[in-house]
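This report concerns only the one structure given below.
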Amino acid sequence: MKEIALKIGQPTALTAIVNTPKQLDPDKPAVLILNSGIMHHVGSCRLSVKIARQLAKSNILSLRFDFSGIGDSENRSGTQSFHETSIAEITEAMDYLEKKRGIKKFIVFGLCSGADASYDIALVDQRVIAMVQIDPYCYRTWKWYIRHYGPKLLSLETWLHSLSVRLKKQDKPLGFSESVDINNLETASYVREFPERNEIASGLKALVNRNICMYSIITGGQSEIINHNSQFKESFSDVDFGNLLTVEYYPKMDHIITNPEYQRIVIDSICTWINRVISNN
Amino acid sequence: MNPFFFGHSNHPLYGVYHPPSALPHKKEAILLCPPFGQEYMRSHRAYRQLTLLLNKKGFPVLRFDYRGTGDSFGELEDTTVNDWLEDITIAVEELKQTAQVDNISIVGLRLGGLLASAASADLQINRLVLWDTLASGKDYQEDLNQEIAKFPNSLGKFIDQNGTLHFNGFALSKNQLQDLSKFDLYKKPPRANQIIQISSSENPAEQKMKLDWAGKNNFSYQLTPAPGDWNFVDDFGGILLPHEIIQEIVRLFDNQGQDAK
């Protein structure tokens with residue numbers, strides 16, 4: 001395994017780290033590891049580094065990089081949205097690996113906003129053959145409401161708490177707590193907003209038509225949206241995923257995966273899944 | 001900005017060298033020693049901002065990751081605290097060569113300040129800026145233990161059966177904790193031409209350090225209340241940048257530290 005720090009793309013270079021295995025096979029897809037929110041390319045709890053190094057043991061090349069303005073990549077001027085710049089910058093990363101290493105197929109991986117960017121690039125770039133998403137777009141179903149509100153509706157404590165919260169809310173002004181000076185707040189360049197479900201369902205159908213393999217890991221950190229194992233597929237019941245989609249739901253895992261055992265599970269699962277996709281490709 | 005790997009080929013360290021972006025180029029280079037764990041993740045942007053402002057004043061700067069952390073080589077559990085001290089020494093040498101200067105100063109935040117202080121015994125450091133630095137390894141462990149006690153059922157904050165302390169996704173082994181507990185700035189102050197303690201709030205440990213060191217000619221203390229808490233992340237991924245304290249550190253360097261009281 002060899003790790004090299006790189007600067008790629010124009011006009012302002014993006015900082016990237018390419019992890020090249022001992023035996024590089026350019027016919028094998030490479031894995032692109034994307035930023036999660038404002039976290040730099042190390043990834044949540046060093047997840048990106050650990051995945052890259054484990055993939056290298058299976059002779060899979062990976063590249064982790066920072067989008068412009070995040071981590072070690074400088075800002076790029078312009079008025080484009082994160083949605084637009086992220087697609088352009090992932091494309092630059094793929095172009096680089098295609099030109100320099102001859103790699104023509106890619107698997108994209110991301111958590112949260114990285115999951116969204118994975119979906120966005122998979123939609124528009126034919127070189128993407130698979131994507132791994134942690135906490136991707138998902139939508140509530142009637143079963144979510146039953147599971148969420150059902151137990152609470154039967155609880156007297158919940159009713160009393162709800163009443164107490166409502167009374168308190170009337171006195172509390174909206175906004176940040178007094179300890180937070182909003183003049184010093186630097187908001188993330190990407191504020192996560194879920195598109196309309198039908199838009200995502202339509203996009204997923206397009207990915208299915210291109211035989212894109214999808215691996216979705218759902219954490220308990222999205223419990224306000226998803227609260228049971230079958231919900232992801234049910235929320236897209238109009239999409240016939242066939243055997244292209246694998247979903248795993250971990251209700252006790254938090255969004256940034258702080259528990260060491262879950263970190264191991266996620267790293268192993270992702271690397272195993274990617275190896276399987278590559279061997280079937 | 002130049003990202004690169006440096007140091008020993010068996011355990012390379014990741015760093016980003018930022019050459020000065022304005023004239024005149026200073027003959028003093030600055031090494032930034034990061035804190036640990038989520039504090040490292042959350043302060044990354046503040047460190048980058050600090051770097052860019054120092055560059056604009058003509059200072060070359062090196063940011064880097066300790067072994068077993070960030071992009072540097074190795075697994076955290078295989079790394080010792082002595083490795084981290086050695087890494088600081090390696091980074092100092094790298095910065096001297098890259099920036100072509102012999103005059104090195106260090107900024108250390110939280111655990112980074114404590115490690116830089118411990119490493120300073122074997123280094124020639126001009127100015128050592130201790131930003132919200134822990135007074136001792138025991139203080140650090142107590143801080144973490146108190147946080148862990150607040151969340152008894154947490155899967156992300158706990159001490160396992162081997163004595164490894166898990167805190168928000170990062171772990172410190174029993175050995176690492178024992179090694180850190182030997183560091184105590186009260187008993188063994190850092191060695192540098194100038195020591196500047198800069199605090200964003202008045203906490204008892206830093207106050208004690210300030211009083212203990214008040215008589216030293218080479219020591220100064222600066223309280224800069226920073227409403228931009230570098231360790232803050234909101235629910236939407238927004239972060240607070242401690243602009244005041246970043247500007248204060250830049251001013252300290254730019255004014256040769258004469259204004260620190």
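Atoms considered below: every heavy atom in the structure, side chains included; atoms not considered: hydrogens, waters and symmetry mates.
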Test: B/Asp71 and A/Arg46 ion pair at under 4.0 Å: no
Donor-acceptor under 3.5 Å (B/Arg48 side chain, A/Gly71 main chain): yes
Can you say whether B/Tyr14 sits under 4.5 Å from chain A via the side chain, the backbone, both, or neither, judging by heavy atoms? side chain
Nearest heavy-atom contact between A/Ala5 and B/Pro3 is CB-O, 3.5 Å
Please check if the number of heavy atoms outside B/Lys96 that lie under 6.0 Å from its NZ is greater than 12. yes
With a 4.5 angstrom heavy-atom cut-off, is it the side chain or the backbone of B/Phe158 that approaches chain A, or both, or neither? side chain
Does the A/Lys7 side chain pair with the main chain of B/Met1, one donor and one acceptor, at a distance under 3.5 Å? yes
Ordered numerically, the heavy-atom neighbours of chain B under 4.5 Å found in residues 251-266 of chain A are A/Lys252, A/Ile256, A/Thr258, A/Asn259, A/Pro260, A/Tyr262, A/Gln263
Report yes if the side chains of B/Met41 and A/Val42 come closer than 4.5 Å at any heavy-atom pair, otherwise no. yes
Heavy-atom pairs under 4.5 Å with chain B are the metric here; pick the option from A/Ile17, A/Asp72, A/Thr15 that has the most. A/Asp72
Does any backbone or side-chain atom of A/Thr12 lie under 4.5 Å from a heavy atom of chain B? Answer side chain, backbone, both or neither. neither
Quick check on B/Ser72 against chain A: is it the side chain, the backbone, both or neither that has a heavy atom closer than 4.5 Å? backbone
Under 4.5 Å from a heavy atom of chain A, the part of B/Ser154 involved: neither
On the 0 to 90° scale, with breaks at 30° and 60°, tag the A/His40-B/His44 ring pair as parallel, tilted or perpendicular. parallel
For residues B/Gln38 and A/Cys45, report the shortest heavy-atom separation together with the two atoms involved. NE2-SG, 3.6 Å
Region of B/Leu76 in contact with chain A, defined by heavy-atom distances below 4.5 Å: backbone
